[in-house]
Asks: 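I am attaching a structure below and will ask some questions about it afterwards.
Lettering of chains follows the sequences in order, A, B, ..., and the numbering in each one begins at 1.
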Amino acid sequence: MSDSDILSAGPVPEPADSKAIASLHFDPTAPLLDVQELRVDFHTHEGVAHAVNGVSFTLEAGRTLGILGESGCGKSVTAQAIMGILDSPPARVVGGRVLLSGVDLLTLNEDDRRQVRANRIGMVFQDALSALNPVFKVGWQLGELFRKRLGYSRTQARHEAVRLLDLVGIPAAAQRVDDYPHQFSGGMRQRVMIAMALALDPDVIIADEPTTALDVTVQAQIMKLLADLQAERNMGLILITHDIGVVADVADDICVMYAGREVEKADVYSIYDKPAHPYTQALLESIPRVDMKGKQLASIQGLPPNLTQMPPGCAFHPRCRFARQRCRDDTPPLYTVSPGRLSACHFFQEVLDT
Amino acid sequence: MGSTSPATEDPGAVPTGTPARGPSASGSIWKDAGRQLIRNPVFIVCSLIVLVVVSWALFPTLWTDKGKLECDININRTPPSWFPGTPPPGYDTDLDGYPLGTTTLGCDMYSQLIWGARPSIVVAVVVTALTALIGTTLGLWAGYYGGRVDTVISRVTDIFLGLPFLLGALLFLALLKSQSIWAVILVLVVLGWTQMARIVRGTALSLRDQDFVEAARAMGATNHRIILRHILPNALAPIIVLCTIYIGSFIAAEATLTFLGVGLKPPEVSWGITIAQGQAFAVAGFPHLLVFPCTVLVVTVLSFILMGDALRDALDPKGR
Amino acid sequence: MSEVVLAAADVRKYFPITAGVFKRTVGQVQAVDGVSLELYEGETLGIVGESGCGKSTLARVLMGLIPATSGSIRLEGEELVGMKPARLRQIRRDVQIIFQDPYSSLDPRMTVGNIIGEPFEIHTEVAPKGDRRRRVEELLEVVGLSPEHINRYPHQFSGGQRQRIGIARALALRPKVIICDEPVSALDISVQAQVVNLLENLQDEFGLSYIFVAHDLSVVRHISDRVAVMYLGKLMELGTEDQIYERPMHPYTQALLSAVPVPDPRLRGRREQIVLTGDLPSAADPPSGCRFRTRCWKAQDICAEQEPVLEVRAHGDHPSACHFAEVKVVTRATH
Ligand SMILES: Nc1ncnc2c1ncn2[C@@H]1O[C@H](COP(=O)(O)OP(=O)(O)O)[C@@H](O)[C@H]1O
Ligand SMILES: Nc1ncnc2c1ncn2[C@@H]1O[C@H](COP(=O)(O)OP(=O)(O)O)[C@@H](O)[C@H]1O
Ligand code: SF4
Ligand SMILES: [Mg+2]
Ligand SMILES: [Mg+2]
């Protein structure tokens, strides 16, 4: 395994080349991260799966965007497309723009892309154990970023590694730098992942289900850590999750995805108060609440569609209680419900009124 | 690795997050595997070769009308006329009815190869069957029961694995002082079952902790039933793959032992014997004595092994 | 009050830790350490706690799938600990289990019909041979699947559907108790609700008792009549759903409840969040005295010296195992 393979899914340490990134003209006045009409296809033997189908959102510094949706709806693929770490084939980015401070990442060459990935966007994965290399000490993997990127010496890099581990709240960091990933508990490993993502002081952190594998007690610790770090460094945070509770606690804005599309986008308060899309509404209703004790939980009948054979019209119509003929015929655009609030439902008004 | 597998789309290979394990439209894994194998040219070619060789072993008279020992020492070591190079003086090259020339003892090379298939295949198939039986049984017990049963079986396996194959075989055969086909089979089985046992043990060990085994136990199923109904069927794929590869390896092993003089002995006819007899003269201007039997041997062994590989790829759920 | 179906008294399960070629025992994982509880007819007993605290082990010990190290487990008065294997297999009929992972819980080489029909092959007295197919089709219908799916293989179904197949299999022998080991944890919320509803309907229809193990506290609250809170092999608190969620006494229960994110942004910062430091200690070497003391914000010297027993404490109406047990509401907004 070569060095560059070690972390090919993470903030990859590549040979330092600071000129390449200097040649890019980041515009500090442009939005921090602006994703426009992103499309990703997968070519499978069952046909072409449109895993991401025109996703757009904007993230400003210091804000948290929650991307919410059931498994398979395209959350991770969206994140990987932004990072530029999709496996192609089978994946192909077939459209859209990913603007980081005004620079379209999708048009960059591979070297620049790596630079940006390492220096400006950090990623935290759900499964820290498989994202970290099992045969290298944690401190070495962290230090590698500094050695390769910034040309630090071994002792300097090690020093930085200890500082980072300490920053993410790993007790006795000076000793633990010499441990291997499997010697850490799940929560501690996730902290190490966060340390890696933070190492080069990125502007954006993408956390893909960072706490899904953890217990609630540890989840609370990790979410607090992420929120504190974000506030301290004024980073943009994209929090991907299927847990409606987690995003409610930390996100500023929410983007709900279904079958590769965004179906609703709004600030967190309005969406939880009055959802404007039947899917969001049904999701919120299916959480067990105290007043539902002894009653049937509201559930969404049926299953999400097969992405290779999407139903015509609105992809949600086979499971939607508001569905009528128009939903089967026309694909709903993203209607503006109110300023800054979007819903991909022909009958959003009706949904709001129920 | 895996370059022979035509399927590259792997929904389970999402680098992060939950693997996209959706419902699939097809039937059982054997049917899926069959469908994939039919489209695999390597598998098709290999299985055709295997079919031909097996039919040599089963019905040699379909392929040749010369007898097994129908030889004429006067025309020995004659290369076929189309064979490149000039034979040493005094050797004819245009014998009619000897498409591959003659052997060291003056038999028809072509029919010797046909007749030689039987002992090789018989040894390999019988050894593989016995190996699979012993290895699977012990492997299933060790893996499923664990504990003391496992410790005993594993230690015995380790001891046998520690024996170098060739040295062990030479030693056993020398001690047995018998060079019948049965002696060879016995020796190969004794030395060959360990790897099978280890692989089956590993499979059984991982299956034992699966929830469906626990569910069967919760229903009140006996261990016997669980092993036969749940563990064995799920371990079958690796066993079958291994068996296919084993047949190839044991054909080679038999030839090796025979070549070294401790395996089969004339008047038995086998590929190993033909090679052994030919090697002395091959460098003395009669390369065909080695080229033909070795080609047959290598192609056959390779066919079995590639077939096993293709089967493994097809049965591996990750390949789809 | 209704009858006790399953009663456990001081149940322990220690797993030996072995080392070396000869598997010498070098220590013990105290996965379950002195648990006593009762399960009543028709009720649901929830068991919550962090992963690794011994929930699954307890569930399996209770149904005799893993032999207990010591203690007593009575199924309708009959002692399971030390029971002859043949008899144990026989009475297994009465306690069945549903698993968390919808992928490993069904034998991939068997058709759905054979999976659900297997219990009838083991307990041949339950259904005569000719009747089995009909029974299997009936079961498929009960759990909301089409009887036409009888010849399909598990991988042709989605996670939620597979969970239904597992439920049908557990129902086949008409058990009295079903142990649900995180049955909805691997499912998406929308599907989760479908399965929870199904479990509740089946309970009413067949008079089942459930032991419902989960780490999702809101699902447990929805489905359970009583809840047991487990920490490192021991019960910390035991009470009705209302007692545990509205009037938790034990600091651990309070921390656990307060850590659950609430799907309501307006409660942000208005709820007391008790963030525990550190991870679950090793069950091979648990802390002395109270096992929770290493992460507890109330711990005093006595907690290290004396183990708090699970009993009804002053000002409390249900048993909790803390020297300083005290009601503290954590599920509602504080200001
Ligand atoms: N390697 C792959 N091969 C084929 N399809 C894939 C692959 N990875 C993802 N997909 C498809 O993309 C869809 C979205 O996946 P993903 O973004 O991982 O979902 P999630 O929202 O759970 O993170 C999946 O439903 C799947 O069909
Ligand atoms: N078969 C086993 N052998 C050894 N230790 C075990 C075994 N099963 C579980 N354990 C240990 O027992 C403890 C409790 O595990 P488990 O019951 O699975 O917890 P939970 O279900 O609450 O996550 C853990 O520390 C685990 O490592
Ligand atoms: S007994 Fe002590 S350590 Fe244990 S929970 Fe109560 S206060 Fe905390
Ligand atoms: Mg994902
Ligand atoms: Mg468990």
Side-chain angles (χ1 to χ4, degrees), chain A residues 68-73 169 171 184-188 211 213-221 223-225 241-252 254 267-273 279 282-290 292-304 319, chain C residues 48-53 157-161 186-198 200-201 215-225 241-242 245-246 252 255-269 271 273-280 282 295 331-332:
Chain A
L68 185 66
E70 284 175 279
S71 61
C73 73
F184 288 80
S185 70
M188 287 298 156
T211 58
L214 307 175
D215 281 304
V216 278
T217 49
V218 184
Q219 165 170 294
Q221 298 170 3
M223 289 317 301
K224 185 166 183 312
L225 174 68
T241 177
H242 66 265
D243 188 325
I244 300 181
V246 171
V247 271
D249 256 0
V250 297
D252 300 305
I254 305 260
D267 71 283
V268 67
Y269 295 98
S270 358
I271 221 167
Y272 281 82
D273 186 35
Y279 177 62
L283 273 187
L284 287 171
E285 276 171 8
S286 54
I287 316 169
R289 285 193 319 271
V290 184
M292 296 294 292
K293 181 85 187 166
K295 295 188 203 133
Q296 292 268 302
L297 290 174
S299 63
I300 311 178
Q301 292 310 314
L303 298 168
R319 307 173 74 189
Chain C
V48 297
E50 285 165 285
S51 59
C53 73
F157 294 89
S158 71
Q161 290 172 320
L187 305 177
D188 275 310
I189 330 161
S190 68
V191 182
Q192 190 170 314
Q194 295 172 6
V195 173
V196 168
N197 286 341
L198 173 65
E200 288 196 311
N201 294 343
H215 62 254
D216 183 331
L217 287 116
S218 51
V219 172
V220 171
R221 176 166 206 184
H222 180 80
I223 201 168
S224 305
D225 300 302
E241 164 263 324
D242 194 51
Y245 285 81
E246 296 297 328
Y252 179 59
L256 205 56
L257 286 173
S258 83
V260 179
V262 180
D264 185 352
R266 282 166 311 183
L267 289 184
R268 219 184 260 184
R271 240 168 21 103
Q273 278 228 358
I274 306 164
V275 177
L276 289 181
T277 50
D279 297 312
L280 202 65
S282 158
R295 296 167 82 193
T331 41
R332 273 168 284 160

Asks: For A/Ala248 and C/Asp264, which heavy atoms make the closest approach, and how far apart are they?
Replies: CB-N, 3.8 Å
Asks: Between A/Gln219 and chain C, with a heavy-atom cut-off of 4.5 Å, which part of the residue counts as in contact: side chain, backbone, both or neither?
Replies: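 For A/Gln219, the contact with chain C is made by the side chain alone.
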Asks: Could you check whether any side-chain N or O of C/Asp188 sits under 3.5 Å from a backbone N or O of A/Ser71, counting only pairs where one atom can act as donor and the other as acceptor?
Replies: yes
Asks: Using side chain to side chain contact (heavy atoms under 4.5 Å, CB included), reason through C/His215 and A/Val216 one step at a time and then give a plain yes or no.
Replies: CA-CA 8 Å; C/His215 62 254; A/Val216 278; over 6 Å; no
Asks: Give, for atom CD1 of A/Ile287 and atom CG of C/Asp216, the distance between the pair rounded to the nearest 0.5 Å.
Replies: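 If we round to the nearest 0.5 Å, A/Ile287:CD1 and C/Asp216:CG are 10.0 Å apart.
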Asks: Set out, in order, the CA-CA distance, both residues' side-chain angles and the distance that settles side chain to side chain contact (heavy atoms under 4.5 Å, CB included) for A/Leu303 and C/Gln161, then state yes or no.
Replies: CA-CA 10 Å; A/Leu303 298 168; C/Gln161 290 172 320; 4.2 Å; yes
Asks: Just give me the residue among C/Gly49, C/Gly160, C/Gly52, C/Pro263 that pairs up with chain A most often, heavy atom to heavy atom, under 4.5 Å.
Replies: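 Max contact count across the listed options: C/Pro263.
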Asks: Give me the atom names and distance for the closest heavy-atom approach of C/Pro265 to A/Tyr269.
Replies: O-CE2, 3.6 Å
Asks: Side chain, backbone, both or neither: which part of C/Asn197 has an atom under 4.5 Å from a heavy atom of chain A?
Replies: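 For C/Asn197, backbone and side chain are both near chain A.
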Asks: Relative to chain C, which of A/Ile244, A/Ile271, A/Leu214, A/Val250 shows the most heavy atom pairs under 4.5 Å?
Replies: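 Top count of heavy-atom pairs under 4.5 Å with chain C: A/Val250.
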Asks: Would C/Gln273 and A/Asp249 count as a side chain to side chain contact (heavy atoms under 4.5 Å, CB included) if you check the C-alpha gap in whole Å, the side-chain angles of each, and the deciding distance to 0.1 Å?
Replies: CA-CA 11 Å; C/Gln273 278 228 358; A/Asp249 256 0; 3.6 Å; yes
Asks: Looking at CD1 of C/Ile189 and CD of A/Glu285, how far apart are the two atoms once the value is rounded to the nearest 0.5 Å?
Replies: 12.5 Å
Asks: Measuring heavy-atom distances to chain A, does C/Gln194 have an atom under 4.5 Å in its side chain, in its backbone, in both, or in neither?
Replies: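 Both parts, backbone and side chain.
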Asks: Highest number of heavy-atom pairs under 4.5 Å with chain C: which of A/Gly169, A/Gly186, A/Ala251?
Replies: A/Ala251
Asks: Which atoms of C/Val262 are under 4.5 Å from chain A, going by heavy atoms: the side chain, the backbone, both sets, or neither?
Replies: backbone
Asks: Go through C/Arg266 and A/Asp273 one step at a time and tell me if the side chain to side chain contact (heavy atoms under 4.5 Å, CB included) criterion holds.
Replies: CA-CA 9 Å; C/Arg266 282 166 311 183; A/Asp273 186 35; 4.1 Å; yes
Asks: Check whether A/Lys293 gets within reach of chain C through its side chain, its backbone, both or neither, counting any heavy atom under 4.5 Å.
Replies: both
Asks: Under 3.5 Å, is there a donor on one side chain and an acceptor on the other for C/Gln192 and A/Ser286?
Replies: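 Checked: C/Gln192/A/Ser286 side chains show no N/O donor-acceptor pair below 3.5 Å.
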Asks: Please classify the contact between C/Leu280 and chain A as side chain, backbone, both or neither, with a heavy-atom cut-off of under 4.5 Å.
Replies: neither
Asks: How close do C/Arg268 and A/Val247 get, counting heavy atoms only, and between which atoms?
Replies: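 Shortest heavy-atom contact: NH2-O, 4.0 Å.
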Asks: For A/Glu70 and C/Val191, work out which heavy atoms get closest and say how close.
Replies: OE2-CG2, 4.4 Å
Asks: Of the non-hydrogen atoms in C/Ser190 and A/Ser299, which two are nearest, and what is the gap between them?
Replies: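 Answer, listing the atom of C/Ser190 first, then A/Ser299: O-CB, 3.7 Å.
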Asks: Contact part of C/Ser258 toward chain A, heavy-atom cut-off under 4.5 Å: side chain, backbone, both or neither?
Replies: neither
Asks: Need one label for C/Asn201: side chain, backbone, both or neither, based on atoms under 4.5 Å from any heavy atom in chain A.
Replies: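 Contact with chain A involves the side chain of C/Asn201 alone.
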Asks: Can you tell which of C/Thr277, C/Val275, C/Leu276 makes a side-chain contact (heavy atoms from CB on, under 4.5 Å) with A/Thr217?
Replies: C/Leu276
Asks: Can you see which heavy atom on C/Ser218 is nearest to which on A/Pro288, and at what distance?
Replies: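 Shortest heavy-atom contact: O-CB, 3.7 Å.
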